[in-house]
Colleague: 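To start, I am sharing the structure in question, which I have written as structure tokens.
Residue numbers count from 1 along this sequence.
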Amino acid sequence: MSSLLVDNIGELVTNGAGEGPLGIRRDAAVLVEEGRVVWVGPPAYAPAADRRLDAGGAAVLPGFVDSHAHLVFAGDRAAEFAARMAGQPYTGGGIRTTVGATRAATDNELRATVRRLRGEALRQGTTTMEIKSGYGLTVADEARSLRIAAESSTETTFLGAHVVPAEYADRPDDYVSLVCGPMLAAATPYAKWVDVFCERGAFDVDHARAILACGQAAGLGVRIHANQLGPGAGVRLGVELDAASVDHCTHLSDADVDALAGTAHSDGSGTRTVATLLPGAEFSTRSPYPDARRLLDAGVTVALATDCNPGSSYTSSMPFCVALAVREMRMTPAEAVWAATAGGARALRRDDIGVLTPGARADLVVLDAPSYLHLAYRPGVPLIRQVMRNGVTP
């Protein structure tokens, strides 16, 4: 059994036992065997290993967990972005533009986009990435989108309810029936989760409830896009259906925050339903940022994710989202790093990633910096020196 010792770590973020909320250990080492962390402690007490990786006194943290991304698409919407920067508001209507391009693309063209963006994210420290469908919106195109997504991630999400496609514009009930029936059946073999864009101009709360309940009945976990463009019942619907995550959470009422806080675990370890915040979308659409401080102060578990997509957040950079969260959403650097690692894992209901503790998957990032603080302190700087996934350097 091959083993690897990562030592001479100046600052180790474990998200477990250690100093402060990040479980920091100073002058630390990590022993990896068969893709798993098996020991963490001072280098002087490290067990023998077959190989050694010298971190050179740098900071090491768990690989980022990006729990919300839309990678299966064709084309781009750079012109739409330029129009927004000139003052045009974001409505979500441009999704249909991407649907047309995606339907016309070959499998290999879609596959190339997924692999390009997944590789781009990995180089920036993202070791786990959820991937949604949602730009096909036919039975065949949603199934192939998920099949292609599953080649790059085990965290795949059926988002046939992204928007109502143009051919069903006057028959939304018929489209919901299609999503709940043949489309769900075709998608389920390749999907772990079901999601709905519950928003004005997309799906109302009754349609969203019907689709998510069908997905649950088919064995899929629940996620939901909620309260991005304005107030609504999406967050509370997510709580009602035991969603792992409600995503965006930009416009929240006191009742929404209370509902999320009401899913708290009895052991004080956070909430069962996670609020996943996507600051790249607010950056790209010039919209108000979510109030992360309000959620955190209420005891709600918060995750950060990129929302990587061609229309409203064309970034794959979790470090960028960490910096935005600190600058614009009133999160401390420690809270933002936790949300981008352990928080993302919670949003996927995973306990084997987002942490560097014995038994966890050996997904880690070596920074070209002495502390995790530099992720927010030095925004836009390529600080990821080395990435390890499953104990292997990609």
Colleague: Looking at side-chain heavy atoms only, is the closest gap between Y175 and I211 below 4.5 Å?
Modeller: no
Colleague: Tracing side-chain links under 4.5 Å among I, L, V, M, F, W and Y, which residues wind up in one group with W39?
Modeller: L5, L31, V38, Y45
Colleague: Please tell me if the side chains of M329 and L277 come closer than 4.5 Å, counting only heavy atoms from C-beta onward.
Modeller: yes
Colleague: Applying side-chain hydrogen bond (donor to acceptor under 3.5 Å, both in side chains), can you list everything that pairs with D66, at least two apart in sequence or on another chain?
Modeller: T306
Colleague: Sequence neighbours left out, what passes salt bridge (charged side-chain N to carboxylate O under 4.0 Å, His left out) with R103? Give chain and number order.
Modeller: E167
Colleague: Run T154 and R350 through side chain to side chain contact (heavy atoms under 4.5 Å, CB included) and show every step you take.
Modeller: CA-CA 12 Å; T154 59; R350 299 274 297 272; 4.3 Å; yes
Colleague: Could you walk me through whether L356 and V60 pass side chain to side chain contact (heavy atoms under 4.5 Å, CB included), step by step?
Modeller: CA-CA 9 Å; L356 289 175; V60 171; 4.2 Å; yes
Colleague: Taking atom types as modelled, is there a side-chain donor on D267 or S269 under 3.5 Å from an acceptor on the other?
Modeller: yes
Colleague: Does D351, at its CG atom, have more than 12 non-hydrogen atoms belonging to other residues, nucleotides or ligands within less than 6.0 Å?
Modeller: no
Colleague: Side chains of T126 and S316, heavy atoms from C-beta outward: is any pair under 4.5 Å?
Modeller: no
Colleague: Have a look at Y135 and tell me which of L159, D141, T102 forms a side-chain contact (heavy atoms from CB on, under 4.5 Å) with it.
Modeller: T102
Colleague: Could you point out which residue of M183, R144, E142 forms a side-chain contact (heavy atoms from CB on, under 4.5 Å) with S133?
Modeller: E142
Colleague: Determine, using the 4.5 Å side-chain heavy-atom cutoff (strictly less than), whether F197 and L178 are members of one ILVMFWY cluster.
Modeller: yes
Colleague: Is it true that, when you exclude R293 itself, more than 12 heavy atoms of the residues, nucleotides or ligands shown sit nearer than 6.0 Å to its CZ?
Modeller: yes
Colleague: Please report the C-alpha distance between R118 and S153 in whole Å, then the side-chain angles of each, then the deciding distance to 0.1 Å, and finally whether the side chain to side chain donor-acceptor pair (under 3.5 Å) criterion is met.
Modeller: CA-CA 9 Å; R118 184 66 193 92; S153 178; over 6 Å; no
Colleague: Compare every heavy atom of V13 with every heavy atom of P62, then report the nearest pair and how far apart it is.
Modeller: CD-O, 3.2 Å
Colleague: Extract all donor-acceptor atom pairs below 3.5 Å that involve side chains of residues 381-394 and protein atoms in other chains or at least two apart in sequence.
Modeller:
from : atom 1 : to   : atom 2 : distance (Å)
R385 : NH1    : A55  : O      : 3.1
R389 : NE     : T127 : O      : 2.6
N390 : OD1    : R361 : NE     : 3.2

Colleague: Using the salt bridge (Lys or Arg N to Asp or Glu O under 4.0 Å) rule, take K192 and E130 through it: C-alpha gap first, then chi angles, then the decisive distance, then the call.
Modeller: CA-CA 10 Å; K192 180 177 178 180; E130 181 258 18; over 6 Å; no
Colleague: Taking the side chain as every heavy atom from C-beta outward, state whether V179 and F158 have any pair of such atoms under 4.5 Å apart.
Modeller: yes
Colleague: Can you hop from W193 to M129 via hydrophobic side chains spaced under 4.5 Å?
Modeller: no
Colleague: Counting only heavy atoms not in F283, do more than 12 sit closer than 6.0 Å to its CZ atom?
Modeller: no
Colleague: Atom CD1 in I24, atom CG in L12: separation rounded to 0.5 Å?
Modeller: 9.0 Å
Colleague: Does one hydrophobic cluster hold both L122 and L61, with members joined at side-chain heavy-atom distances below 4.5 Å?
Modeller: yes
Colleague: Determine the minimum heavy-atom distance between A74 and A105, stating which atoms define it.
Modeller: CB-CB, 3.7 Å
Colleague: Checking H248 against N227 for the side chain to side chain donor-acceptor pair (under 3.5 Å) test, could you report, in this order, the C-alpha distance in whole Å, the side-chain angles of both residues, the deciding distance, and whether it holds?
Modeller: CA-CA 6 Å; H248 286 291; N227 299 58; over 6 Å; no
Colleague: Indicate yes or no: at least one non-hydrogen side-chain atom of H68 is less than 4.5 angstrom from one of H225.
Modeller: yes
Colleague: Transitively linked via ILVMFWY side-chain contacts under 4.5 Å: V365 with L53?
Modeller: no
Colleague: Side chains of Y377 and S371, heavy atoms from C-beta outward: is any pair under 4.5 Å?
Modeller: no
Colleague: In terms of hydrophobic clustering (I, L, V, M, F, W, Y; side-chain heavy atoms under 4.5 Å; direct or indirect links), are L146 and L212 co-clustered?
Modeller: yes
Colleague: Under 4.0 Å between a Lys/Arg side-chain N and an Asp/Glu carboxylate O for R26 and E11?
Modeller: yes
Colleague: Quick one: closest heavy-atom pair of A325 and L304, and the distance?
Modeller: CB-CD1, 3.6 Å
Colleague: Can you give me the closest heavy-atom contact between G63 and T341, atom names plus distance?
Modeller: O-CG2, 3.9 Å
Colleague: Give a yes-or-no answer on whether the side chains of H162 and D195 include a donor-acceptor pair shorter than 3.5 Å.
Modeller: no
Colleague: Can you list every ring-ring contact (aromatic ring centres under 6.0 Å, His included) pair that touches residues 349-370, not counting sequence neighbours?
Modeller: none
Colleague: Please determine whether a side-chain nitrogen of the Lys or Arg among D291 and R294 lies less than 4.0 Å from a carboxylate oxygen of the Asp or Glu.
Modeller: no
Colleague: One pair to check against side chain to side chain donor-acceptor pair (under 3.5 Å): S253 and D256. What are the steps and the verdict?
Modeller: CA-CA 5 Å; S253 66; D256 296 327; 3.1 Å; yes
Colleague: Is the cationic atom of R84 (NZ for Lys, CZ for Arg) positioned less than 6.0 Å from the six-membered ring centroid of F81 and within 45 degrees of its normal?
Modeller: no
Colleague: Please assess T250 against E282 for the test side chain to side chain donor-acceptor pair (under 3.5 Å), listing each intermediate value before the final yes or no.
Modeller: CA-CA 9 Å; T250 310; E282 280 72 40; 3.1 Å; yes
Colleague: Is the number of heavy atoms from other residues, nucleotides or ligands under 6.0 Å of R171 CZ greater than 12?
Modeller: yes
Colleague: On a heavy-atom basis, which atom in A208 and which in L237 lie closest, and how many Å separate them?
Modeller: CB-CD2, 3.7 Å
Colleague: What is the minimum heavy-atom distance between A303 and A347, and which atoms define it?
Modeller: CB-CB, 4.2 Å
Colleague: Does the side chain to side chain contact (heavy atoms under 4.5 Å, CB included) test come out yes or no for E335 and R330, once each step is laid out?
Modeller: CA-CA 10 Å; E335 288 168 340; R330 301 198 293 156; over 6 Å; no
Colleague: Could you tell me whether the side chain of R346 reaches within less than 4.5 Å of the side chain of W338, counting heavy atoms only?
Modeller: yes
Colleague: Would R52 and D7 satisfy side chain to side chain contact (heavy atoms under 4.5 Å, CB included), going step by step from the backbone distance to the final call?
Modeller: CA-CA 7 Å; R52 175 176 178 256; D7 68 356; 2.8 Å; yes
Colleague: Going by salt bridge (charged side-chain N to carboxylate O under 4.0 Å, His left out), name the residues that satisfy it together with R272, two or more places apart in sequence or in a different chain.
Modeller: D242
Colleague: Only one of L110, V99, T113 forms a side-chain contact (heavy atoms from CB on, under 4.5 Å) with F73, so which one is it?
Modeller: T113
Colleague: If I take atom CG from residue N309 and atom CZ from residue R77, how far apart are they, to the nearest 0.5 angstrom?
Modeller: 6.5 Å
Colleague: When you compare the side chain of V65 with that of E155, does any pair of heavy atoms fall below 4.5 Å?
Modeller: no
